[in-house]
Structure formats: C-alpha cells, structure tokens
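Below is one structure, written out as structure tokens; comments come after it.
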There are 2 protein chains.
Amino acid sequence: MLSHKTKYALKALLYLAQQEEGHIARTIEIAEGANIPKKFLEQILLELKRGHFVSSKQGKLGGYYLIKSKNTITLADIHRLFDGAIALLPCASLNFYEPCSDCTTESECSLRHGLLTIRDETLKAMQGITIGTLIKN
Amino acid sequence: MLSHKTKYALKALLYLAQQEEGHIARTIEIAEGANIPKKFLEQILLELKRGHFVSSKQGKLGGYYLIKSKNTITLADIHRLFDGAIALLPCASLNFYEPCSDCTTESECSLRHGLLTIRDETLKAMQGITIGTLIKN
DNA sequence: CATTAACTCTACTAATTATATAGAATTAAT
DNA sequence: ATTAATTCTATATAATTAGTAGAGTTAATG
C-alpha cells in the first residue's frame with residue numbers, strides 16, 4: 001500500500017500538472033485544491049523539489065511548479081522517492097538492495113528468485129503509469 | 001515491501017513443503033530450520049492454521065503440517081492473510097475495499113483508475129508464484 | 001495417572017514508522 | 001518596513017510492527 005505521503009505527493013503533482021503553463025501555485029492553494037494537510041504538504045513539496053520533480057520561487061508571490069513533463073513522471077519514481085523500494089524484499093530490490101540478515105546460512109534466499117519476477121512485473125506496470133496518464137482517465 | 005511476518009510465513013511454508021509426506025514438524029524445528037524467532041513463529045503458524053493452509057496435531061509428538069498442495073498456495077494468498085490488500089490504495093482493492101476519505105469531493109479518486117491497472121498486473125504476477133515455484137528455482 | 005512435550009491463547013512491551021504540527025529563519029515583492 | 005511566501009529543524013502523537021511472557025490445554029507414554 002502507498003503511504004499517505006506518497007498519495008499526497010501524487011495528488012499534489014496532479015494538481016500542478018493541471019494548472020496552466022507558467023502558473024506558480026502556493027502551498028495553501030495546492031493543499032486546499034487537493035485536500036492535503038498544509039504543513040504536511042510543505043514537507044512533501046520540499047522532497048519533491050529535492051527529487052527534481054518540482055521547483056519553487058521564494059518570497060511573496062512564490063510557490064511551486066512542475067519542472068518535468070507530466071508524461072515522464074512515473075508512479076515508480078514517486079513510490080521510490082517516498083516509500084522506497086518497489087520490490088517485496090530488500091534482497092530483490094534494484095535501487096534499495098540489501099542482503100537478508102536471516103538468509104545467510106542458505107546459499108541464497110529461497111524467496112529472492114520469485115520476488116525478482118514480481119518486482120520486474122510490478123515495476124513495468126508502475127513505469128507505465130504517469131501523472132499524464134492519471135489525468136487522462 | 002513484505003512485513004517480517006509475511007516473510008516468515010512464506011519461509012515456514014517452504015520448510016513444511018520440503019518435508020516428506022506425513023511428517024509433522026514441531027514449531028521449534030521450523031524456527032531453527034528457517035531462522036525465525038520461535039515465539040513469533042507460534043503466532044504465525046496459528047494464523048496459517050486459521051487460514052486453512054496448515055493444520056496441527058496437539059500434545060506430545062504434535063506439530064504442524066501442510067493441508068494444501070504447495071502448488072495451490074500463492075504469494076497473493078499469503079500476502080493477503082498477513083499484509084492485507086495487494087492494491088496500492090484501499091479504493092483500488094478487491095478484497096479490502098474502502099473508499100478514500102479525502103476523495104469524496106471529486107467525482108472519483110483521481111488515482112484509482114491507474115491503481116486498478118497496477119493491482120491487476122501485480123495480482124496476476126503474485127498468483128503466479130506459489131510455494132511450489134519458490135522451491136523449484 | 002503423573003509426567004512430559006507439544007500446541008493455544010491472551011496480554012503485554014519495545015521499537016519503529018507514519019502522520020502530522022510548531023515555530024523560527026529566510027527570501028523576495030511592493 | 002511590511003507582507004507573504006518558502007525553508008528548516010525540532011517535536012509530538014498515533015499507529016503499526018516485531019517480539020516476549022506466561023498460563024492453559026491437549027495428548028503420548030511409562
């Protein structure tokens with residue numbers, strides 16, 4: 001399941017992607033438009049900024065705006081930024097790999113191979129969903 | 001990601017599936033064989049029993065054994081028993097459906113449609129992995 | 001029928017993570 | 001100087017996860 005943070009991030013990106021070109025949206029505007037707690041959204045927008053999905057203008061008349069095309073921001077990207085690995089175990093992860101502490105005695109984790117399959121399929125599906133496709137439906 | 005509980009459940013089932021026909025495995029035996037904290041495993045085995053994946057024999061010489069074919073126990077089944085929904089949001093779930101509290105104002109949740117696609121693909125993949133296929137690799 | 005060794009059940013604890021909230025600092029427009 | 005926005009760090013609270021404790025129940029065995 002997605003954390004609220006990831007869900008809110010997606011909704012914030014959807015909001016931004018639906019504004020007209022050049023519009024700078026204030027946090028409070030996004031919060032009210034997408035029904036997200038404002039102070040929580042502040043943190044989320046900062047993380048989206050550090051992740052290079054949005055940028056901001058400071059000071060009065062400041063706010064946030066997309067800096068990537070809505071068709072290139074995938075569900076996989078946002079999941080990884082906020083919820084981390086897409087794989088079901090760290091040992092099956094591409095971007096967040098860690099060996100299992102409880103599998104060292106076996107030659108290899110008995111679950112890993114099957115979970116690699118799942119990861120590949122899920123990742124492919126998640127890379128097929130973008131902010132753009134979410135808006136279209 | 002899978003919780004430890006789900007991971008341990010899978011490892012316990014793998015252990016049981018690899019015993020010879022008719023063998024009854026004690027909790028301590030499974031715990032040591034699969035490197036799972038024993039008291040935690042007790043709870044997990046009880047849940048697997050309530051889920052009708054295993055059965056038990058009580059008293060001295062008692063223990064646990066599989067009551068479903070290893071090829072019919074899927075990753076999706078075990079995920080649902082311990083970690084719940086496979087979908088990324090409750091509103092996109094088949095078995096754990098709940099409406100989103102923060103989407104009531106919109107005609108429908110803007111994320112739901114895309115997440116239904118993900119759920120379908122992930123579910124199909126997870127139904128393709130069984131205890132049997134995990135043993136084979 | 002007492003002993004032993006197993007599962008069963010409920011409650012509890014500890015640690016971690018998720019979900020925020022508070023408030024001061026910084027930035028920039030007017 | 002004022003106003004209104006982002007930025008940053010710390011804190012608070014709640015929920016979940018992970019694991020432990022211990023008493024109760026069941027059944028084999030001598």
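First the proteins, then the strands, lettered A, B, ... as listed; each starts at 1.
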* Taking for each residue the nucleotide of DNA chain C with the nearest heavy atom, is it A/Gln58 or A/Lys39 whose nucleotide lies nearer the 5' end? -> A/Lys39
* Upstream residue (5' side of DNA chain C) when A/Gly59 and A/Leu2 are each assigned their closest nucleotide -> A/Leu2
Looking across every strand, which nucleic acid part, if any, lies under 4.0 Å from [X] by heavy atom: base, sugar-phosphate, or nothing?
X: B/Lys49; value: sugar-phosphate
X: A/Tyr8; value: sugar-phosphate
X: B/Lys38; value: nothing

Side chain of [X] only, heavy atoms from C-beta on: which candidate in [options] is closest?
X: A/His4; options: C/dC9, D/dT20, C/dT19; answer: C/dT19
X: B/Phe40; options: D/dG19, D/dT29, D/dT6; answer: D/dG19
X: A/Pro37; options: D/dG22, D/dG19, C/dA20; answer: C/dA20
X: A/Lys57; options: C/dA6, D/dG19, C/dA28; answer: C/dA28
X: A/Arg50; options: D/dC8, C/dT8, C/dA11; answer: D/dC8

* Asked: Side-chain donor or acceptor of A/Gln43 under 3.5 Å from a matching atom on the base of C/dT19?
  -> no
Rounded distance (Å) that lies between atom [atom2] of [N] and atom [atom1] of [X]:
X: B/Ile28; N: C/dA5; atom1: CD1; atom2: P; result: 13 Å
X: A/Lys5; N: C/dT21; atom1: NZ; atom2: P; result: 14 Å
X: A/Ile24; N: C/dA28; atom1: CD1; atom2: C1'; result: 12 Å
X: A/Leu41; N: C/dT21; atom1: CG; atom2: C1'; result: 14 Å
X: B/Glu29; N: C/dC7; atom1: CD; atom2: C1'; result: 14 Å
X: B/Leu46; N: D/dT25; atom1: CG; atom2: C1'; result: 13 Å
X: A/Arg26; N: D/dT3; atom1: CZ; atom2: P; result: 17 Å
X: B/Leu45; N: C/dA6; atom1: CG; atom2: P; result: 14 Å

Given [N], is OP1 or OP2 found less than 4.0 Å from the side-chain N or O atoms of [X]?
X: B/Ser56; N: C/dT8; answer: yes
X: B/Thr27; N: C/dC7; answer: yes
X: B/Tyr65; N: C/dC7; answer: no

* **Flag side-chain contact, heavy atom, 4.5 Å: B/Tyr15 against B/Glu29** => yes
* Asked: Which residue lies toward the 5' end of DNA chain D, B/Lys60 or B/Asp83, if each is placed at its nearest nucleotide?
  -> B/Asp83
* **Salt-bridge present (A/Glu47, A/Lys5; N to O < 4.0 Å)** => yes
* Asked: Does the distance from a Lys or Arg side-chain N to an Asp or Glu carboxylate O, for A/Glu121 and A/Lys124, drop under 4.0 Å?
  -> no
* To do: Could you tell me whether the side chains of B/Asp120 and B/Thr117 share a donor-acceptor contact shorter than 3.5 Å?
  => no
* **Distance in Å, A/Glu98 CD paired with A/Cys91 SG, rounded so as to fall on 0.5 Å steps** => 10.5 Å
* Asked: With distance as the sole test, does B/Arg112 use its side chain to make a donor-acceptor pair with the main-chain N or O of B/Ala92 at under 3.5 Å?
  -> no
